[in-house]
A.B. asks: 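Take this structure first; my questions come after.
Counting convention: from 1, in listed order, for ligands and their atoms alike.
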Amino acid sequence: MAIIMKTNLSIFLLIAITSIAAAQAGRFNITNKCNYTVWAAAFPGGGMKLNTGESWNMNITNGTSNARIWGRTNCTFDNSGLGKCQTGDCNGTLECKTIGTPPNTIMEFALNMYNDLDFYDVSLVQGFNIPIQLKPSLNSCGTVNCTADINGECPTPLKVPGGCNNPCTTFDTTEYCCNSDSARSAATNASATCGPTTYSKFFKDRCPYAYSYPKDDATSTFSCMGGTTYDVVFCP
Ligand SMILES: *[C@@H]1O[C@H](CO)[C@@H](O)[C@H](O)[C@H]1NC(C)=O
Ligand SMILES: *[C@@H]1O[C@H](CO)[C@@H](O)[C@H](O)[C@H]1NC(C)=O
Ligand SMILES: *[C@@H]1O[C@H](CO)[C@@H](O)[C@H](O)[C@H]1NC(C)=O
Ligand SMILES: *[C@@H]1O[C@H](CO)[C@@H](O)[C@H](O)[C@H]1NC(C)=O
Ligand SMILES: *[C@@H]1O[C@H](CO)[C@@H](O)[C@H](O)[C@H]1NC(C)=O
Ligand SMILES: *[C@@H]1O[C@H](CO)[C@@H](O)[C@H](O)[C@H]1NC(C)=O
Ligand SMILES: *[C@@H]1O[C@H](CO)[C@@H](O)[C@H](O)[C@H]1NC(C)=O
Ligand SMILES: *[C@@H]1O[C@H](CO)[C@@H](O)[C@H](O)[C@H]1NC(C)=O
């Protein structure tokens, strides 16, 4: 009798512990290893202040395309979660309901797409603010990152407080943006109007796995089995 009770208790504890672990598990575990505070942001998904060493475990709904995760710096928010950030600000809210303003280094996702694959990449199309890395839990899927000292080496015209702008943001021309109003009519000949530039090469040389301009080659995109969990690290 005593043994049966003990067994039942163990099973109960095991179930309890397992449910706690499941409740905390998310597909994205976002960790700040920078020696400054980063306000993590996800769209869709919200946002969370992360002091050095802290993590945010979150999910992005299966089937979401055009999802993104990024970090914001030098933010101030009031108790109701309103304020602003020097980089990556999402319309002044702690919990993002829009994408962020440049410059910000971005992890892009499309989850559970055809063949139930997740697609992901790191994009510098909105410039760079902090180093970032994404590592899938499956070792067979590629790690993507951009960890170079882009702010330190940023070309002067692209430098802004807290980051390094993409030339599209700074110059807003057809050549750099590929999709500006003036480019729309020319966009059918993307190869003529939108190739790599000296500025996009500045980013590509330092972060070869990242999208450096809007029509950058598809080798920057990676895929992994749907349902995979991902570790995102700021300053890996
Ligand atoms: C993430 O989704 C899983 C599976 O649906 C769920 O068990 C878990 O509680 C969710 N985690 C968070 C942090 O929302
Ligand atoms: C998230 O990552 C941090 C840092 O690697 C780790 O300490 C933590 O246990 C992870 N959390 C989960 C729920 O996996
Ligand atoms: C953060 O790290 C950088 C680079 O390692 C260093 O130059 C800087 O002094 C550090 N800042 C703080 C506040 O520790
Ligand atoms: C931005 O915030 C303002 C309120 O401060 C709101 O009226 C507006 O709809 C928001 N814009 C977006 C795109 O969410
Ligand atoms: C960045 O990713 C590449 C390719 O997966 C990997 O070889 C490299 O070690 C990573 N860099 C860092 C700093 O983790
Ligand atoms: C925050 O702003 C201060 C003052 O502009 C700057 O010195 C510092 O580098 C910024 N921190 C980050 C993480 O960008
Ligand atoms: C696109 O531009 C290239 C380079 O200027 C040119 O050689 C090509 O003929 C153009 N293609 C079309 C369809 O206009
Ligand atoms: C999301 O999809 C994965 C497989 O692609 C599945 O394992 C997981 O249970 C799904 N989660 C939800 C909440 O539907």
Side-chain angles (χ1 to χ4, degrees), residues 16-60 66-107 109 118 120 124 126-139 141 143-154 156 158-166 169 224 227-236:
I17 290 164
T18 312
S19 336
I20 290 166
Q24 289 172 341
R27 288 189 66 186
F28 295 90
N29 184 8
I30 306 169
T31 302
N32 177 22
K33 292 193 179 169
C34 302
N35 64 1
Y36 46 85
T37 300
V38 173
W39 285 260
F43 179 73
M48 175 81 89
K49 179 182 180 181
L50 295 178
N51 294 317
T52 304
E54 290 182 340
S55 294
W56 176 31
N57 222 256
M58 53 92 66
N59 286 324
I60 295 176
N66 291 318
R68 56 173 71 191
I69 291 173
W70 70 100
R72 295 168 286 176
T73 57
N74 269 327
C75 304
T76 50
F77 289 110
D78 64 18
N79 289 338
S80 59
L82 299 177
K84 68 181 178 92
C85 302
Q86 187 179 56
T87 63
D89 188 64
C90 57
N91 200 25
T93 60
L94 172 60
E95 301 209 13
C96 293
K97 294 185 179 69
T98 69
I99 64 171
T101 50
N104 57 346
T105 325
I106 299 165
M107 283 292 172
F109 304 94
D118 293 344
Y120 54 94
L124 303 176
Q126 286 202 175
F128 180 98
N129 61 344
I130 54 180
I132 191 166
Q133 170 160 287
L134 174 122
K135 194 175 177 307
S137 57
L138 288 174
N139 285 330
C141 303
T143 294
V144 289
N145 57 41
C146 180
T147 59
D149 182 20
I150 288 187
N151 290 341
E153 297 170 5
C154 186
T156 307
L158 304 181
K159 251 183 204 157
V160 287
C164 185
N165 265 334
N166 187 279
T169 305
C224 197
T228 303
T229 64
Y230 298 93
D231 283 325
V232 176
V233 177
F234 300 125
C235 306

A.B. asks: Does any N/O atom on Asn29 come nearer than 3.5 Å to any N/O atom on ligand 2?
C.D. replies: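 Yes, there is a polar N/O contact under 3.5 Å.
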A.B. asks: Under 4.0 Å from any heavy atom of Asn57, which atoms of ligand 2 are there?
C.D. replies: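 The atoms of ligand 2 under 4.0 Å from a heavy atom of Asn57 are 11 (N), 12 (C), 13 (C).
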A.B. asks: Does the N or O separation between Asn91 and ligand 4 drop below 3.5 Å for any pair?
C.D. replies: yes
A.B. asks: Heavy-atom count around Asp78 CG within 6.0 Å, excluding the residue itself: above 12?
C.D. replies: yes
A.B. asks: Is at least one protein non-hydrogen atom found at under 4.0 angstrom from atom 2 (O) of ligand 4?
C.D. replies: yes
A.B. asks: Could you check whether atom 11 (N) of ligand 4 has a protein contact, counting only heavy atoms that fall below 4.0 angstrom?
C.D. replies: yes
A.B. asks: Ring-plane angle category for Tyr230 and Phe28, please: parallel below 30°, perpendicular beyond 60°, tilted otherwise.
C.D. replies: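 Geometry flag for Phe28 against Tyr230: parallel rings.
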A.B. asks: Got the closest protein heavy atom to atom 5 (O) of ligand 6, with its distance?
C.D. replies: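 I find the closest protein heavy atom is Gln86 NE2, 3.8 Å.
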A.B. asks: Check each atom of ligand 2 against the heavy atoms of Thr31 and keep those under 4.0 Å away; list them by number with element.
C.D. replies: 2 (O), 3 (C), 4 (C)
A.B. asks: Counting only heavy atoms, tell me which of Asn129, Asn74, Thr73, Ile130 gets closest to atom 8 (C) of ligand 6.
C.D. replies: Asn74
A.B. asks: Testing the 3.5 Å rule here: is there a donor-acceptor pair between the side chains of Asn91 and Thr93?
C.D. replies: no
A.B. asks: Test Arg27 against every option in Asn57, Thr228, Thr229, Asp118 by the side-chain hydrogen bond (donor to acceptor under 3.5 Å, both in side chains) rule and name the one that passes.
C.D. replies: Asp118
A.B. asks: Under the 4.0 Å line, does any protein heavy atom show up next to atom 14 (O) of ligand 4?
C.D. replies: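 There is a protein heavy atom less than 4.0 Å from atom 14 (O) of ligand 4.
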A.B. asks: Can you confirm whether the side chains of Thr87 and Thr73 place a donor and an acceptor under 3.5 Å from each other?
C.D. replies: yes
A.B. asks: Distance only, no hydrogens: is a donor on one side chain within 3.5 Å (strictly under) of an acceptor on the other, for Asn32 and Glu54?
C.D. replies: no
A.B. asks: Heavy-atom contacts with Thr98 under 4.0 Å: which atoms of ligand 4 show up? List them by number with element.
C.D. replies: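 Taking each heavy atom of Thr98 in turn, ligand 4 has 12 (C), 13 (C), 14 (O) under 4.0 Å.
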A.B. asks: Quick one: do Met48 and Ile30 satisfy side-chain contact (heavy atoms from CB on, under 4.5 Å)? Show the steps, please.
C.D. replies: CA-CA 10 Å; Met48 175 81 89; Ile30 306 169; over 6 Å; no
